[in-house]
Amino acid sequence: MSRLVRSELLKLRTTRTFLGITLAALGLIALAAGVGAAASTYGPSDPSPGRDLLEAGGIAQPFSLVLGVLAVSTEFRHGTITPSLLTVPRRARLVIAKLIAHGVAGLVLGLVAFGLAAALAFPILSARGISSDLGFEAAFEVLAGGLACLVLLAAIGVGVGAIVRNQVGAVMVALGWWIVVEPLLAAIPKVGDSIAKYGIDGAVNATSATSLGAEAELGQVAGGLLLLAYAAIFAAVGIAVLRQRDVTA
Amino acid sequence: MSAIAVSNLSKRFGDTLAVDDLSFTVDPGRIVGFLGPNGAGKTTTLRALLGLIRPSAGSATIEGVAYVDLAEPTATVGAVLDGGSLHPGRSGRNHLRSLAAAAGVSDARADELLTLVSLGDAADRRAGSYSLGMRQRLGLATALLGDPRVLILDEPANGLDPQGIRWLRDFLRGLAGEGRAILVSSHVLAEVAQTADDVVVIHRGRSVAQATMAELMAQRGDGVRVAGPDTARLTELLEAGGASVQPGTDGAILVADRTGEQVGRVIAEHAVVVSELTPAGQSLEDVFFELTGSGEEGPS
């Protein structure tokens with residue numbers, strides 16, 4: 001399996017798409033953390049400035065999801081799924097290798113993302129005479145939750161990309177559900193609250209322990225387990241769908 | 001045991017029966033030409049053999065085992081389908097290395113193969129800029145990564161120039177000489193005529209002929225076409241000698257059972273004037289069209 005993961009990591013980092021998506025994520029994080037640190041004002045009821053700005057690393061979430069979606073769907077788009085499956089004929093093994101590789105990529109992206117947010121924001125806060133100290137516990141909560149989100153969103157993406165073969169369609173479905181459809185459904189009376197709490201978005205928010213609207217959310221561990229369950233379901237369905245499919249291009 | 005065994009294979013896509021109860025085998029050291037017009041079911045058969053599509057009925061095995069159950073797939077079978085599918089933004093070298101990594105093959109071996117297929121100079125360019133011939137050659141390098149005992153090539157001559165086709169022919173001959181079994185598909189009989197030992201011809205998913213290349217060539221038949229002012233007299237002379245002569249177009253005659261040299265001797269002996277003396281047997285294409293009936297359907 002380790003050689004398959006190495007192969008997937010090599011595939012991942014040898015196209016410009018990967019570089020573009022990663023740089024876009026880091027650029028946005030730099031902007032949010034930098035501008036936030038330079039311009040935000042913090043009242044006594046607000047979260048600690050350090051925590052608020054560290055959370056900018058979470059901007060990488062949709063990017064990790066999209067990288068995951070592209071793992072299988074790009075192979076179908078360019079037909080490279082054929083040589084890939086000739087080398088690794090057992091489709092479950094190929095998907096598991098992609099899950100691990102994109103999990104690793106999500107982890108590395110997260111470390112760089114949160115590191116970048118802290119490296120930019122904290123010196124600027126200090127220069128303004130604002131304490132950036134958020135305490136070990138909060139830092140651990142944001143970092144551990146943030147990394148878990150990136151890894152699990154990548155896994156959900158890999159599953160969606162294996163289910164929806166069309167590359168653009170797969171990206172639209174994954175991002176659209178999370179960012180557009182779920183928030184709309186959450187506005188429905190009665191069931192809306194449950195969707196907001198137990199949907200992908202609710203699970204992501206609970207896991208990453210964002211300081212916004214925390215009262216309606218699951219706890220961080222419960223949220224993480226729910227997100228893990230989503231990732232497992234999407235990965236399992238993705239593997240099952242791919243195993244049934246005739247690969248004709 | 002046969003290197004490749006297809007037995008009673010059928011594949012249905014919706015209402016279309018792409019492959020219909022097809023059976024054939026390929027033995028080690030043989031090159032088998034897998035022929036049929038476009039859409040005959042060749043690619044579907046090869047994809048079923050490689051575990052990419054599920055047969056509706058029957059089986060296709062490599063060394064007695066389904067492709068997905070092979071312990072070392074890349075060391076057993078090398079295949080090129082669709083002229084080597086590539087991500088346009090990835091270089092040929094990185095494409096090959098990513099597959100080599102999965103197959104447990106070293107980067108050094110991948111680089112060596114790039115040189116072998118004459119892609120060394122272009123290997124670091126983005127594959128989107130490659131010509132079809134270059135893609136085919138990169139596909140061939142991919143197929144050879146694991147030094148396989150069986151090779152399966154789908155229309156490998158597509159996009160190759162005449163030198164490339166000649167290079168491919170010699171290359172495949174060399175590989176078969178090392179005892180490998182090779183199955184190579186084509187929609188042009190002449191393309192594999194000088195390479196293949198055996199042929200399997202399919203049409204509409206069904207096998208219409210399986211023979212050695214020599215047997216197929218024998219079906220071409222002999223014959224000589226003679227034109228000139230004295231063909232009537234020549235006809236009498238030839239028929240007197242027991243030959244079967246048919247009238248042809250424009251006053252020419254067709255001699256079915258004599259070689260050009262035999263007819264030439266009669267002409268010289270009797271000082272007959274002729275303006276033309278040409279072999280008139282069926283061409284390989286004629287044989288192919290006859291087998292597949294594809295001459296009548298117009299271009300596909």
Side-chain angles (χ1 to χ4, degrees), chain A residues 1-22 67 70-98 100-101 104-105 161 165 167 239-249, chain B residues 11-13 18 43-44 46-48 50-56 62 66-74 76-105 107 126-128 135 138-139 142-143 145-146 148 152 154:
Chain A
M1 184 52 78
S2 75
R3 66 191 202 196
L4 301 193
V5 174
R6 213 153 42 82
S7 163
E8 290 304 325
L9 285 171
L10 188 59
K11 284 183 198 168
L12 184 61
R13 61 187 171 80
T14 48
T15 65
R16 287 184 190 172
T17 315
F18 170 69
L19 198 65
I21 289 176
T22 310
L67 283 176
L70 296 179
V72 179
S73 58
T74 300
E75 296 237 24
F76 274 99
R77 167 147 182 216
H78 297 298
T80 53
I81 189 70
T82 292
S84 291
L85 285 178
L86 291 178
T87 316
V88 188
R90 290 179 182 274
R91 300 182 185 183
R93 278 173 57 99
L94 184 71
V95 176
I96 290 167
K98 285 182 186 293
I100 297 173
V104 170
R165 175 175 29 178
Q167 190 192 43
I239 288 172
V241 168
L242 191 61
R243 285 182 65 169
Q244 290 297 318
R245 187 179 292 157
D246 283 337
V247 176
T248 52
Chain B
K11 177 63 188 180
R12 182 177 285 284
F13 291 112
T43 301
T44 302
L46 299 185
R47 284 189 173 267
L50 294 164
L52 295 168
I53 64 174
R54 298 165 162 257
S56 304
I62 312 252
Y67 188 83
V68 294
D69 295 325
L70 287 171
E72 291 283 347
T74 41
T76 312
V77 189
V80 188
L81 300 170
D82 291 337
S85 309
L86 299 166
H87 188 296
R90 190 179 287 130
S91 73
R93 190 186 308 279
N94 282 332
H95 171 81
L96 195 58
R97 283 184 171 184
S98 72
L99 295 168
V105 172
D107 284 355
R126 286 151 56 89
R135 299 166 80 93
L138 184 54
T142 310
L145 272 177
I152 296 174
D154 194 14

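Here is the naming used below: chain letters follow the sequence lines, and residue numbers restart at 1 for every chain. Owing to the predicted nature of the structure, the values given are computational and were not obtained by experimental measurement.
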Query raised in the report: Relative to chain B, which of A:Val5, A:Thr17, A:Thr82 shows the most heavy atom pairs under 4.5 Å?
Result: A:Thr82
Query raised in the report: For chain A, which of B:Ala100, B:Ala48, B:Gly51, B:Pro88 has the most heavy-atom pairs under 4.5 Å?
Result: B:Pro88
Query raised in the report: Which pair of non-hydrogen atoms, one from A:Thr15 and one from B:Arg90, has the smallest distance, and what is that distance?
Result: CG2-NH2, 3.5 Å
Query raised in the report: Would you find a donor on one side and an acceptor on the other, under 3.5 Å apart, between the side chain of A:Asp246 and the backbone of B:Arg54?
Result: yes
Query raised in the report: Among B:Ala79, B:Gly146, B:Gly104, B:Ala143, who wins on heavy-atom pairs under 4.5 Å with chain A?
Result: B:Gly104
Query - Interchain contact, A:Thr74 with chain B, by part (heavy-atom threshold 4.5 Å) - result: side chain
Requested in this report: Please check if the side chain of B:Ser98 supplies one atom and the backbone of A:Ser7 the other of a donor-acceptor pair under 3.5 Å.
Outcome: no
Query raised in the report: How many angstroms lie between atom CD1 of B:Ile53 and atom CZ of A:Arg245, to the nearest 0.5 angstrom?
Result: 14.5 Å
Query raised in the report: So which heavy atom on A:Pro83 is nearest to which on B:His95, and how close?
Result: CG-CE1, 4.3 Å
Query raised in the report: Which bit of A:Glu75 comes within less than 4.5 Å of chain B, counting heavy atoms only: side chain, backbone, both or neither?
Result: neither
Query raised in the report: Is any side-chain heavy atom of B:Leu52 closer than 4.5 Å to a side-chain heavy atom of A:Leu86?
Result: yes
Requested in this report: Applying side-chain contact (heavy atoms from CB on, under 4.5 Å), run through B:Arg97 and A:Thr14 and close with a yes or a no.
Outcome: CA-CA 10 Å; B:Arg97 283 184 171 184; A:Thr14 48; over 6 Å; no
Query raised in the report: In Å, rounded to the nearest 0.5 Å, how long is the span from CG of B:Leu99 to CG of A:Leu10?
Result: 9.5 Å
Query raised in the report: A:Glu8, A:Met1, A:Gln244: which one forms the most heavy-atom pairs within less than 4.5 Å of chain B?
Result: A:Gln244
Query raised in the report: Within the distance-only criterion (no hydrogens, no angle test), does the side chain of A:Arg16 pair as donor or acceptor with the backbone N or O of B:Gly89 below 3.5 angstrom?
Result: no
Requested in this report: List the atom of A:Leu4, the atom of B:Ala102, and the distance in Å for their closest heavy-atom pair.
Outcome: CD2-O, 3.5 Å
